[in-house]
Amino acid sequence: MEEKTTRSTRLRPKQFRKHLQTAEIKSLQSLVVVIIAAVIIVLALVMKNSGFSGDSKSVLFNEDMLAVCSDGKWGYVDKKGLYVINLMYDGVNSFNNGLAIVMVDGKYGYIDNKGAYVINPQFEGAADFSKNGLAGICSGEKCGYIDKTGAVVINSQFDSVGTFKKNGLAKVKSGDQIGYINEKGVYMINLQFDDATAFYDDGYAVFVLDGKYGVIDSNGKYVINPLFDEIALS
């Protein structure tokens, strides 16, 4: 009986290299697809956890007015697009509790909803008034707080200041350290942190010390020791 022979399927060196390269490319393409899919999944989870839905939850017309700009000047219109306050400012903020921050010639002041100055432009920096009636301002190179009449309540002595929060504390910075003061300007939590957030409504703040993150309560007590490289902020 004649023995049948079969053709060898062994690849020559050049064919083998080409076959190997093709396999490597396919493998790399598969890896790229997997990485892209993983990135998409992570991004989706991040957006879900951050509450992102594609729709803004904030209002557009603060106190029924919208800040608009034309030819480099700012003013306010109502919901029909009619001017409530004419274009006359170099910069503006939205209205908050009946007042808005405006800038004229590099100085910041406050106007009411009629456009009348409540506090004339005189500061190098200004923030919205907190619910306790105090606003952070900067005069020269230092910052402090004023009331709604423009009177200084806490002298300009800090390098930067934050707004007062629900627990009655505001974050301040002096030099390279951050602490928290009360409405009288008294330190309730001494300067000690390299960085920190303002207090959240639940009475906690995130801080950084020697490159590590932790959490404090309104008394400055460590709730979570500074052990972590990062903490997710909401």
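Reckoned from all heavy atoms, side chains included, excluding hydrogens, waters and symmetry mates. Heads up: numbering here begins at 1 and tracks the sequence.
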Calculate, to the nearest 0.5 Å, the distance between atoms [atom1] and [atom2] belonging to [X] and [Y] respectively.
X	Y	atom1	atom2	result
Ile189	Ile216	CD1	CD1	4.0 Å
Lys165	Ser218	NZ	OG	12.5 Å
Thr163	Asn132	OG1	CG	9.0 Å
Asn190	Ser174	CG	OG	11.5 Å
Leu66	Leu60	CG	CG	5.0 Å
Lys131	Lys166	NZ	NZ	8.0 Å

Q.
Strictly by disulfide bond (SG atoms under 2.5 Å apart), give each pair with a member in residues 204-234 just once, sequence neighbours left out.
A. none

Q.
Filter on disulfide bond (SG atoms under 2.5 Å apart), then keep only pairs touching residues 79-176, sequence neighbours left out; what's left?
A. Cys138-Cys143

Q) Are any non-hydrogen side-chain atoms of Tyr108 and Ile119 less than 4.5 angstrom apart? A) no

Q: Would you mind reporting whether Leu233 and Tyr200 have side-chain heavy atoms less than 4.5 Å apart?
A: yes

Q: Name all residues meeting the side chain to side chain contact (heavy atoms under 4.5 Å, CB included) criterion together with Val215; count only those two or more places apart in sequence or in a different chain, and write none if there are none.
A: Tyr204, Val206, Val223, Ile224, Ile231

So which heavy atom on [X] is nearest to which on [Y], and how close?
X	Y	result
Asn167	Leu169	OD1-N, 3.1 Å
Val68	Tyr83	CG2-CE2, 4.2 Å
Ile181	Ile154	CD1-CD1, 4.1 Å
Tyr180	Ala205	OH-CB, 3.7 Å
Asp128	Asn96	CB-ND2, 3.4 Å
Phe164	Gly168	CD2-O, 3.4 Å

(Q) Can you tell me which residue among Tyr110, Phe129, Tyr76 is in a ring-ring contact (aromatic ring centres under 6.0 Å, His included) with Phe95? (A) Tyr76

Test of understanding: clusters of I, L, V, M, F, W, Y form through side-chain heavy atoms closer than 4.5 Å, transitively. Do [X] and [Y] belong to the same one?
X	Y	answer
Ile178	Val161	no
Val102	Val118	no
Ile111	Met65	yes
Phe158	Phe193	no
Leu209	Phe199	yes

Q: Taking atom CE of Met188 as the centre, report whether more than 12 heavy atoms of other residues, nucleotides or ligands fall under 6.0 Å from it.
A: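 Counting neighbours around CE of Met188, 12 or fewer heavy atoms of other residues, nucleotides or ligands fall under 6.0 Å, so no.
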
Q: Mark yes when over 12 heavy atoms from residues, nucleotides or ligands other than Asp202 sit less than 6.0 Å from its CG; otherwise mark no.
A: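 Correct, the count exceeds 12.
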
Q.
Filter on salt bridge (charged side-chain N to carboxylate O under 4.0 Å, His left out), then keep only pairs touching residues 59-76, sequence neighbours left out; what's left?
A. Asp64-Lys79, Lys73-Asp90

[X] side-chain N/O to [Y] backbone N/O, donor-acceptor pair under 3.5 Å:
X	Y	value
Asp112	Lys114	yes
Asp194	Asp210	yes
Asn225	Leu227	no
Lys171	Ala196	yes

Q.
Evaluate Ile146 against Leu134 for side-chain contact (heavy atoms from CB on, under 4.5 Å), listing each step before the verdict.
A. CA-CA 6 Å; Ile146 59 172; Leu134 300 183; over 6 Å; no

Q) What residues, two or more places apart in sequence or in another chain, satisfy side chain to side chain donor-acceptor pair (under 3.5 Å) together with Ser70? A) none

Q) What residues form a salt bridge (Lys or Arg N to Asp or Glu O under 4.0 Å) with Lys142, not counting sequence neighbours? A)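 Lys142 satisfies salt bridge (Lys or Arg N to Asp or Glu O under 4.0 Å) with Asp159 once adjacent residues are dropped.
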
